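Note that the structure is a prediction, hence the values are computed from the model and not measured. Each chain gets a letter, A, B and so on, in the order its sequence line appears, and its residues count up from 1.
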There are 2 protein chains.
Amino acid sequence: MVNLNDVAQKAHVSKMTVSRVINHPDQVSPELMRLVQQAIKAVGYVPNQVARALVNQRQYVVRFLLLEDVSTVEPNYAKLLIRLANNLQKKGYTLEISLDIMAETQSIDGIIVSGWRTEDLSKLQALDVPVTLYGAAPTKCPLSSVDVDNQAGIEKATEYMWRQGYRDIYYIGLSLDLPFARQREAGYRAVMAKKDGRVSVYQTENHAHLADTLVTNLLHNFQLPTAIVCATDRIALGVLRAVQRVYHIPRDCGVIGFDGVFIDQLTQPQLTTVRQPFALISEKIVAQIISQIESEIILEPNNISISPDIVVRESTRL
Amino acid sequence: MVNLNDVAQKAHVSKMTVSRVINHPDQVSPELMRLVQQAIKAVGYVPNQVARALVNQRQYVVRFLLLEDVSTVEPNYAKLLIRLANNLQKKGYTLEISLDIMAETQSIDGIIVSGWRTEDLSKLQALDVPVTLYGAAPTKCPLSSVDVDNQAGIEKATEYMWRQGYRDIYYIGLSLDLPFARQREAGYRAVMAKKDGRVSVYQTENHAHLADTLVTNLLHNFQLPTAIVCATDRIALGVLRAVQRVYHIPRDCGVIGFDGVFIDQLTQPQLTTVRQPFALISEKIVAQIISQIESEIILEPNNISISPDIVVRESTRL
DNA sequence: TTGAAAGCGCTAACAC
DNA sequence: GTGTTAGCGCTTTCAA
């Protein structure tokens, strides 16, 4: 392993000079600068991050802590993970994956948490490490978070349906007592209240076939043209199937989903959906956690909400 | 930060004794053992992995290097990644994600590579770090690898179709000049040769709608009952749609896919498929890379092939 | 501007 | 069985 000393000898300087060339280039004279840089290249020196971490008490590692059950993991995570890894790398950090909330925290600088439940939050605080939550934190929670604005997303979806001429608008939500589920439903209700339209809210579990059954029983009430705003793409997939057996999409009936990960592109017709902007989300998460890590003082918790956009495809009128 | 010294003082022993309690428990007397263990608990000591890594020249970190384009990433990866992280953690290792084949290798002990192309292989060898490929290595490549047995998988699929009474069996493959694509096709051909059945091979890109179009044009040639063996679940999804418009599934026509990740459960009817056994695959990968890391000598490359099983669902006759 | 010394927390090698 | 010494590769004092 090539180390500072090897470079120092090659350049006939002390290792401190070499170290300074890397960490404090302004403190070293131009001649030595050049000399050292040549030597670094010549011997193929790469700084040892471990030694650096030991002396700096900083690891340049951020952990992605996934608290959700592995079996229920949505394909979302692959993209998010990769984007996070990429963004962190640009800042000189490395991404590590863990499923264990109790894993040691000495070898990391910060934690990005996903799939958490309310009861995890106090444990997370006790860890005494910078934390950024993926998913909006409860109002009284002193942790920072980044989330898509669920209510704004469904508001956009509902308004879009209205704008496209659908007046009989249903909402098929998640029968789940979680903030994001409630916020999405609230988005629908807010817009329908504003437009003074009839509110039709139904709930189901997040499975295509359950949504299919549910909507099949609703079809005869439709006052065409009808629109169906769905809490997730999975639900939308089932809705699409149910509706398609009887009505024309998008003429008689429009369907919009939420997530925009993978499923939306597999449906027939392709699904119009509210897309989670993972590129932006991961950027914000990384900026968030790094500012916490690199700040001298303890930052106030910062809760970022990102308003998602609609991706128009084939399941809604143009 | 609590360190060895703090524990040593608390227990009135030297730090070496504490170190030994952790790393070589057999070399320390029972009394001190107890004493030290109490002290460790009392002060809440957690070994500093960074210091450990520095002195041992071992980082206890394995990198997952994803060479595939982010945008084409299949949802597969989330599950694989999580399983890998989990298995590695059991062995005391940590999983890190990287997309950069040239990233420094001093802070890691080994690399698991996915989405590689032939031209990456020489770079990987030059890294001089233990490497395990996900996906079968070319025969002359001196790197270890783990892969699902693609040929055996499609052989099972084809034989299953034959066994269920389908005699007119098509294969819809990938128009991709990659080993796994060729192996899958070979699996179909091998079984059809053995059964002396008519060989009908078609190829398409990995998109549902392309497969749909392709098969729609084939339908009129079917000699029912017909079976369609598909190289991927995405293809199978399109095939399902095309066939469904005309024939009954699975009575007139059976369809089987390959991968068993996510898509298969979303189709209607649910897709019978050859499932990639990710739990096993990740176990083998981890065992593989760790044996390389922990072996004193350089191991011969080891190529593991895992025969996948069929998950019978609704798109084939019972 | 540059260098020498000390030490981050740990363990292997060697003494006792 | 236990302690002492040295050093992994680096950076932050502090002195020149």
I'd like to know if the side chain of [X] reaches the main chain of [Y], judged simply by a donor and an acceptor atom lying under 3.5 Å from each other, with no hydrogens or angles considered.
X: Asn302(A); Y: Ser144(A); result: no
X: Asp109(A); Y: Tyr60(A); result: yes
X: Glu68(B); Y: Ser114(B); result: no

Length of the line joining [X]:[atom1] and [N]:[atom2], which is rounded to integer Å:
X: Ile22(A); N: dT11(D); atom1: CD1; atom2: C1'; value: 11 Å
X: Asn23(B); N: dC10(C); atom1: CG; atom2: C1'; value: 9 Å
X: Gln9(A); N: dG9(D); atom1: CD; atom2: P; value: 13 Å
X: Gln49(A); N: dC8(D); atom1: CD; atom2: P; value: 19 Å
X: Asp26(B); N: dG1(D); atom1: CG; atom2: C1'; value: 11 Å
X: Leu35(A); N: dT2(C); atom1: CG; atom2: P; value: 10 Å
X: Gln106(A); N: dC10(C); atom1: CD; atom2: C1'; value: 12 Å
X: Arg34(A); N: dT1(C); atom1: CZ; atom2: C1'; value: 17 Å

Note to self: dT12(D), OP1 or OP2 - any side-chain N/O from His24(A) closer than 4.0 Å?
What the structure shows: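 It does, given that an N or O in the side chain of His24(A) lies less than 4.0 Å from OP1 or OP2 of dT12(D).
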Check: Think Thr17(A) has a side-chain N or O under 4.0 angstrom from the OP1 or OP2 of dT2(C)?
Finding: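 So the side-chain polar atoms of Thr17(A) never come under 4.0 Å of the phosphate oxygens OP1 or OP2 of dT2(C).
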Next item on the list: Look at all strands and tell whether Asn5(B) reaches a base, only sugar-phosphate, or nothing, counting heavy atoms closer than 4.0 Å.
Entry: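 Since no nucleic acid heavy atom lies under 4.0 Å of Asn5(B), the category is nothing.
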Next item on the list: Take Tyr93(A) and Ile293(A), measure what side chain to side chain contact (heavy atoms under 4.5 Å, CB included) needs, and give me the verdict at the end.
Entry: CA-CA 11 Å; Tyr93(A) 286 75; Ile293(A) 291 171; 3.6 Å; yes
Checklist line | Side-chain ion pair, Arg20(A) and Asp26(A), N-O less than 4.0 Å | finding: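 Judged by the 4.0 Å cut-off on N to carboxylate O distance, Arg20(A) and Asp26(A) do not form a salt bridge.
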Item checked: Carboxylate-amine/guanidinium proximity below 4.0 Å for Lys90(B) and Glu283(B) ->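 No, no charged N to carboxylate O under 4.0 Å.
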Margin query: If only side-chain N and O atoms count, and only distance matters, is there a donor-acceptor pair under 3.5 Å linking Ser305(B) with Asp147(B)?
Written below: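 Asp147(B) vs Ser305(B): no donor-acceptor pair found between side chains.
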Notebook entry, point to check: What does nucleotides 4-9 of chain C look like as a protein-contact string, B for base, S for sugar-phosphate only, - for none, at under 4.0 angstrom between heavy atoms?
Noted result: B--BBB
